[in-house]
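These notes are about the structure you will find just below.
Start at 1 and go down the list; that is how both ligands and their atoms are numbered. For the numbers below, each heavy atom of this structure counts, side chains included, while hydrogens, waters and symmetry mates do not. Just so you know, residue 1 is the first one in the sequence shown, and it goes up from there.
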Amino acid sequence: MSKTVLVSGGAGYIGSHVTVELSQAGYEVVVADNLSNCDLTCLEGVRKILGHPVTFKEMDFCTVKAVEDLFDSFRFDAVIHFAAFKAVGESVSEPLKYYRNNLESFINVVEASRKRGCAVLFSSSATVYGEVDNPPVTEKNDRQSATSPYGNTKQMCEDILRDSAAAYEGLSGIALRYFNPIGAHPSALIGELPRGVPNNLLPYVTQTAAGIRDCLSIFGDDYPTPDGTCLRDYIDVVDLAKAHVCAVGRMLGGKMESAYEIFNIGTGRPVSVLELVKTFEEATGVKVNCRIAPRRPGDVTAIWADPSLAVEKLGWKAERPLVETLRSAWQWQQYVSRK
Ligand code: UDP
């Protein structure tokens with residue numbers, strides 16, 4: 001019998017890609033989402049890609065009863081938790097909104113899971129590492145104090161899962177620390193749909209290329225890096241989604257070596273802001289109007305993953321070439337602009 005996986009926040013950017021990969025790997029997937037930061041565009045795309053709809057519940061994970069009822073209606077073997085607010089700037093101006101939503105929803109999910117022996121996969125972030133001295137980072141690197149309430153909720157949720165897995169018999173969990181997820185599904189039917197002005201680099205690049213934004217600001221060219229711009233580890237969203245399938249397989253296959261495990265999910269390759277823009281232009285043949293702007297407060301100079309633990313233990317590695325990822329983001333942007 002196939003295993004059933006709950007994807008909380010599965011109507012969003014990463015959740016919808018994970019839903020596709022899990023379904024294609026033979027899992028029954030239930031998506032639950034309160035649609036607070038997205039509409040049904042990606043779920044409709046998921047239906048087209050799979051050729052059938054996935055079970056969808058519109059609900060809020062901050063409501064204990066709604067979560068308990070959901071877990072009573074299905075027998076979940078695992079839950080992947082994406083349902084969270086993610087705007088760093090907004091988390092600084094509205095910290096309580098972020099602490100309440102991101103922590104309450106996760107506590108409810110962990111509580112419901114521990115009562116029923118459901119494994120928990122948490123979507124964490126490389127933001128927990130902060131500024132590092134000697135990239136690449138391994139999972140052994142210390143976490144730094146978070147620089148935003150958003151980042152703090154990622155650290156706190158990791159701790160909630162770690163402590164709960166240590167305390168409650170039968171509860172196990174994995175945290176995946178994503179580096180910089182980018183790109184879209186090769187079908188161009190699902191992708192990132194930022195609301196308003198994008199904060200992240202690639203959506204700003206594609207919107208500038210599409211003429212929605214006048215000019216991309218490159219935040220700082222005087223960093224101590226080869227071309228002066230910041231270095232990041234851009235991970236393709238489909239590769240990232242596949243890491244979740246591997247992690248679920250590890251949790252449900254009884255392969256975990258402790259009740260709580262952490263894996264970096266990145267390519268292991270640093271790419272500068274200028275390199276990303278140039279590669280986008282080469283991959284798509286479209287020029288991106290840009291200018292050098294002052295540094296953005298809070299940006300770290302350089303961070304990229306050492307993904308060897310994921311390679312060894314999850315049997316996963318990033319495979320999609322950057323040019324393909326960038327082309328997919330452009331195809332998705334054109335699809336969205338036409339809609
Ligand atoms: N960046 C930029 N212009 C933008 C958005 C981002 O130059 O409009 C740079 C940013 O300074 C950072 C890199 O792109 O060096 C990645 O930024 P993003 O916000 O996508 O991810 P994060 O800061 O979380 O790594």
Completion exercise
min-distance protein heavy atom vs atom 24 (O) of ligand 1 -> N180 ND2, 4.1 Å
Handout entry: N or O pair under 3.5 Å between L216 and ligand 1
Key = no
Practice task
Please write down residue, atom name and distance for the protein heavy atom closest to atom 18 (P) of ligand 1.
Solution key: N200 ND2, 3.5 Å
Practice task
Among all protein heavy atoms, pick the one closest to atom 1 (N) of ligand 1 and tell me residue, atom and distance.
Solution key: F219 CD1, 3.6 Å
Handout entry: Between H17 and F82, ring centroids under 6.0 Å
Key = no
Exercise for the section: Report the part of Y223 in contact with ligand 1, treating N, CA, C, O as backbone and CB onward as side chain, heavy atoms under 4.0 Å; options are side chain, backbone, both, neither. Expected result: neither
Handout entry: Shortest protein heavy-atom distance from atom 12 (C) of ligand 1, along with the residue and atom involved
Key = R232 NH2, 3.8 Å
Problem - Side-chain donor-acceptor contact under 3.5 Å, Y234 with R269 - result: no
Problem - Sub-4.0 Å atoms of ligand 1 with respect to non-hydrogen atoms of I218 - result: 7 (O)
Problem - Short N-O contact, R250 and E257, less than 4.0 angstrom - result: yes
Problem - Min heavy-atom dist Y178 to ligand 1 below 4.0 Å - result: no
Exercise for the section: Number the atoms of ligand 1 from 1 as they appear, then name those within less than 4.0 Å of a heavy atom of L201, with their elements. Expected result: 1 (N), 2 (C), 3 (N), 5 (C), 6 (C), 14 (O), 18 (P), 20 (O)
Practice task
Below 4.0 angstrom from a heavy atom of V273, which ligand 1 atoms are there? Numbered from 1 as shown, please.
Solution key: 7 (O), 9 (C), 13 (C), 14 (O), 15 (O)
Less than 3.5 Å apart, which donor and acceptor atoms pair up between the side chains of residues 215-226 and the rest of the protein, not counting sequence neighbours?
| residue | atom | partner | partner atom | Å |
| --- | --- | --- | --- | --- |
| S217 | OG | R291 | NE | 3.4 |
| S217 | OG | R291 | NH2 | 3.1 |
| D222 | OD1 | R295 | NE | 3.0 |
| T225 | OG1 | G228 | N | 3.0 |
| T225 | OG1 | T229 | N | 3.1 |
| T225 | OG1 | T229 | O | 2.7 |

Handout entry: Note: E68-K115 ion pair, threshold 4.0 Å (strictly below)
Key = yes
Practice task
Just jot down the ligand 1 atoms closer than 4.0 angstrom to any heavy atom of S217, in number order.
Solution key: 2 (C), 3 (N), 4 (C), 7 (O), 8 (O)
Practice task
Classify the angle between the aromatic ring planes of F122 and F106 as parallel (below 30°), tilted (30 to 60°) or perpendicular (above 60°).
Solution key: tilted
Completion exercise
Hits for salt bridge (charged side-chain N to carboxylate O under 4.0 Å, His left out) against E44, two or more places apart or cross-chain, chain-then-number order -> R47
Handout entry: Closest approach of any protein heavy atom to atom 17 (O) of ligand 1, naming residue and atom
Key = R296 NH2, 3.4 Å
Exercise for the section: Would you mind checking which non-hydrogen protein atom is closest to atom 15 (O) of ligand 1, with the distance to 0.1 Å? Expected result: C230 CB, 3.0 Å
Handout entry: ILVMFWY cluster, M256 and L121 together (side-chain gap under 4.5 Å)
Key = yes
Problem - pair D33-F56: side-chain heavy atoms closer than 4.5 Å - result: yes
Practice task
Answer side chain, backbone, both or neither: which part of L202 comes under 4.0 Å from ligand 1, heavy atoms only.
Solution key: neither
Exercise for the section: Note the single closest protein heavy atom to atom 5 (C) of ligand 1, along with its residue, its atom name and the distance in Å. Expected result: N199 O, 3.4 Å
Handout entry: Nearest protein heavy atom with distance in Å, relative to atom 13 (C) of ligand 1
Key = Y234 OH, 3.6 Å
Handout entry: Least distance between heavy atoms, E319 atom then D239 atom
Key = N-OD2, 2.8 Å
